[in-house]
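First the proteins, then the strands, lettered A, B, ... as listed; each starts at 1.
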Amino acid sequence: MVPMESIADVKGELTALAQTKTLDELKSHGTKRVRVVRTQQIAEMISEAVQRTVRESGLVSHEEADLLVEKSRAEFRDVMKERETELSRAQEAVEHLEVVTAQREEARGALFDARKSQQSAQEDVEDLRMQNEALNEQIDAMRQELEAAQEQLKEHDATADQPALGGMNAELMMKMMGEIAELKASSSQAPAPAEAPAAAASSGDLDGMIDKLAKGMNDRLDQFGRKMGISSAVDAEQVDFKAMFDKDDTKLESNMDEVEVKKKTGGGIAGNLARLKKLKGGD
Amino acid sequence: MSNDEHMDNTNNPTGDTSAATTHETEVALGKGVDLGTANIAAAVQNEDGGITVNVERNAFLDIGSDVYSKNMLTKLKVPYVVHNGKLIVIGEAAFELANVFGKETRRPMSDGLVSPAEVDALPMMKLIISKVLGEPAAPGENCYFCIPAESLDVENNIVYHEGLFSSLISKMGYTARSINEAHAVVFAELAEQDFTGIGLSFGGGMANACVAYKSIPCLSFSVARGGDWIDKNVANVLGCNASKAAYIKERGVDIRDPKNREEEAVAIYYRNLINYVLQNIKSRFEHGQDMPNFNEPVDIACAGGTSLVGGFIEVFRDEFAKIDFPIPVGRIFRAEDALTSVAKGCLVAAAIGE
């Protein structure tokens, strides 16, 4: 038998030696009544017996025996406290584990949803990219047609038959303008999902390209019209903004007149002027 | 035009930046003004046969208006004006103060044009322009100011910008005319090449390009990327404000050999800007109509404050070598005085009466 050093050990030994039986099991063995003694009481009795023996043996004085008893009790209390603290910590750890497990499950669910959304957005982006490619091909084809028309126009400009040929080219350009407008309308109607900003940006770029192409053709038509003398556009006079500075004529309080501005000096421009005059045919 | 680097007045041994006095010797008429996003510069011929360029930073900063501040600014000769009850510091001093206090300067121009978002833009620009340009030497003196070309990558309204400054300068007593900014670079830097070649102006708000043949511009365009674009992107990467990024860029970086993370960021965006401009020139030339055939190699002249960074031309040549340029190119160089080249070119136009 292992020597026991404290009441906790006594309890432990008693608990280890004891058998656990249910009331039904006891009944089945014919036991109807049992005497119950708590482990604590047994341990205390043993402790009391030990103390009495120690005192009566004369090996240890009364005072030392009492001190020994008190120390044992104190040690017992400490051990009890430690066990209770450990139990409480274990309980907290179990609760925390439950919370973390629940959070993990929630996060798993959210990740799954996010992955699903991402997949769906990627599919939308892919669709839009393919639409974009198809539209680009159409624009390239139209650009080639435009270049061909411009080539024709150049050739016709070189001859004297401008009015007749110009009319045909203008008709071709008007037709292409109509097609560009339709193309622009169809691209602006294509849905752009909120999760696909890159696709929306490229759609915006596409609109910008179409606008530039349309503007270029407008300018070309207008230029052509002026050549023919049939344009109704009138060059605007340059706007005079002098009135915007009239309110600023009042003198502001300032020290600008007393502060010099930074100056740099450099080589002259006589050489530049001489060359420029020579180019323009002057002396 | 330009992001400023601190200038030194090499002609004045005392280091004093006071104005040169005008003697009785007659000076040729005509002035050129570079209305840049970052700096405004005005060039005039001087009595020594050279040119004098007045430069001021195109920025301002409002500070608390009180007697103490005003007296301090007066004593320190920091230019200020009282406007709408606010004390406003003008020019380079505003940039320095902003860096000290960790604030951003207010800019009358943005992306190469007068800023519609800045309510005080017009009065401030009027003050700065009046200061650098001064009074006309004679009534109706020619004054050429630079304007950017239409941008390829943003919608911009050059007409308003041009009309506004034409009116402002005319109101000062000049005969105001405009000239494309990169075309001015051709006038300033490609005289020996008979004004044939490519002029590039890398300014604060924009980069302008002009392909010219015997002084006639064949192709002009701009892109809305310049020194400010570099500052903004570097600021995003480094997590600081744009003024701080500008300071990092201007304190002496060599973009061929960046020394730390900050310089690396500056170098990256410089390369991107240069490549972007070259690709656009190539594209416009390939798709443009009525382009002249250059049988002989042409030179490329770079100017503008943004080109002042160390290693710029070397990186430019490096990026140029990577693309298949549609016309033969000879020398690629930076103007001797990149900061004032546009103003000089405007002066040439004014003097010749273009």
Side-chain angles (χ1 to χ4, degrees), chain A residues 143-144 146-147 150-151 153-154 157 204-205 207-209 211-213 215-216 219-220 223 235-282, chain B residues 7 9-11 17-20 41 43 45-46 48-56 73-74 77-83 90-92 122-123 126-127 130-132 159-160 162-164 166-168 170-171 187-188 191-192 194-195 214-215 289 336-337 339-340 344-345 347-348 351-352 354:
Chain A
R143 194 175 278 149
Q144 281 172 7
L146 179 62
E147 280 168 6
Q150 282 174 342
E151 283 295 325
L153 194 61
K154 264 190 201 169
D157 282 347
D205 289 341
D207 282 349
M209 279 168 61
D211 281 341
K212 275 200 174 157
L213 194 57
K215 183 178 182 298
D219 291 343
R220 189 74 183 147
Q223 188 185 350
D235 285 334
E237 287 180 11
Q238 190 173 23
V239 180
D240 187 355
F241 290 95
K242 281 186 191 146
M244 290 188 72
F245 300 101
D246 284 344
K247 282 186 192 167
D248 298 327
D249 279 343
T250 52
K251 188 84 176 151
L252 296 175
E253 182 189 348
S254 167
N255 71 339
M256 299 276 280
D257 290 337
E258 290 121 46
V259 179
E260 299 294 341
V261 71
K262 276 183 187 168
K263 291 182 184 295
K264 286 198 86 171
T265 53
I269 59 169
N272 302 56
L273 291 174
R275 283 222 177 216
L276 210 44
K277 280 177 186 164
K278 192 178 167 189
L279 261 181
K280 291 177 188 309
Chain B
M7 302 179 301
N9 252 335
T10 52
N11 284 350
T17 56
S18 56
Q45 295 183 78
N46 59 31
D48 298 326
I51 63 170
T52 300
V53 185
N54 294 340
V55 184
E56 186 57 272
L73 293 178
T74 305
K77 294 202 172 168
V78 171
Y80 71 84
V81 64
V82 180
H83 177 65
I90 308 265
E92 181 67 28
L122 292 187
K126 187 183 169 195
L127 280 168
S130 301
K131 188 66 186 170
V132 296
V159 173
Y160 170 66
E162 182 183 6
L164 196 71
S166 177
S167 300
L168 170 59
S170 298
K171 208 166 148 61
F187 276 153
E192 286 178 20
D194 272 351
F195 307 99
K214 306 257 186 238
S215 82
Q289 295 178 339
E336 202 178 303
D337 193 339
L339 199 64
T340 59
K344 181 179 173 184
L347 176 61
V348 169
I352 198 87
E354 268 293 283

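Rounding to the nearest 0.5 Å gives a distance of 13.5 Å between CZ of A:Arg275 and CD1 of B:Ile352. To the nearest 0.5 angstrom, B:Leu347 atom CG is 3.5 Å from A:Ile269 atom CD1. For the atom pair NZ of B:Lys214 and CG of A:Leu276, the computed distance is 12.5 Å after rounding to the nearest 0.5 Å.
Counting heavy-atom pairs closer than 4.5 Å to chain A, the top residue among B:Thr74, B:Asp48, B:Asp337 is B:Asp337.
In this structure, A:Ser254 contributes its side chain and B:Tyr80 its backbone to a donor-acceptor pair below 3.5 Å. Formation of a donor-acceptor pair under 3.5 Å by the A:Asn255 side chain with backbone atoms of B:Lys77 is not found in this model. Judged purely by atom type and a 3.5 angstrom limit, B:Lys131 uses its side chain to pair as donor or acceptor with the backbone of A:Met256.
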message: I'd like to know whether B:Val78 forms a side chain to side chain contact (heavy atoms under 4.5 Å, CB included) with A:Val259, so could you lay out the CA-CA distance, the side-chain angles of the two residues, the decisive distance to 0.1 Å, and finally the verdict.
response: CA-CA 7 Å; B:Val78 171; A:Val259 179; over 6 Å; no
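Interface remark: B:Ile90 contributes side-chain atoms only to the contact with chain A (heavy atom separation under 4.5 Å).
Contact annotation: the side chain of A:Val261 never approaches that of B:Val55 to less than 4.5 Å [non-hydrogen atoms, C-beta and beyond].
Contact detail for A:Gly267 and B:Ile51: the closest heavy-atom pair is O-CG1, 3.5 Å.
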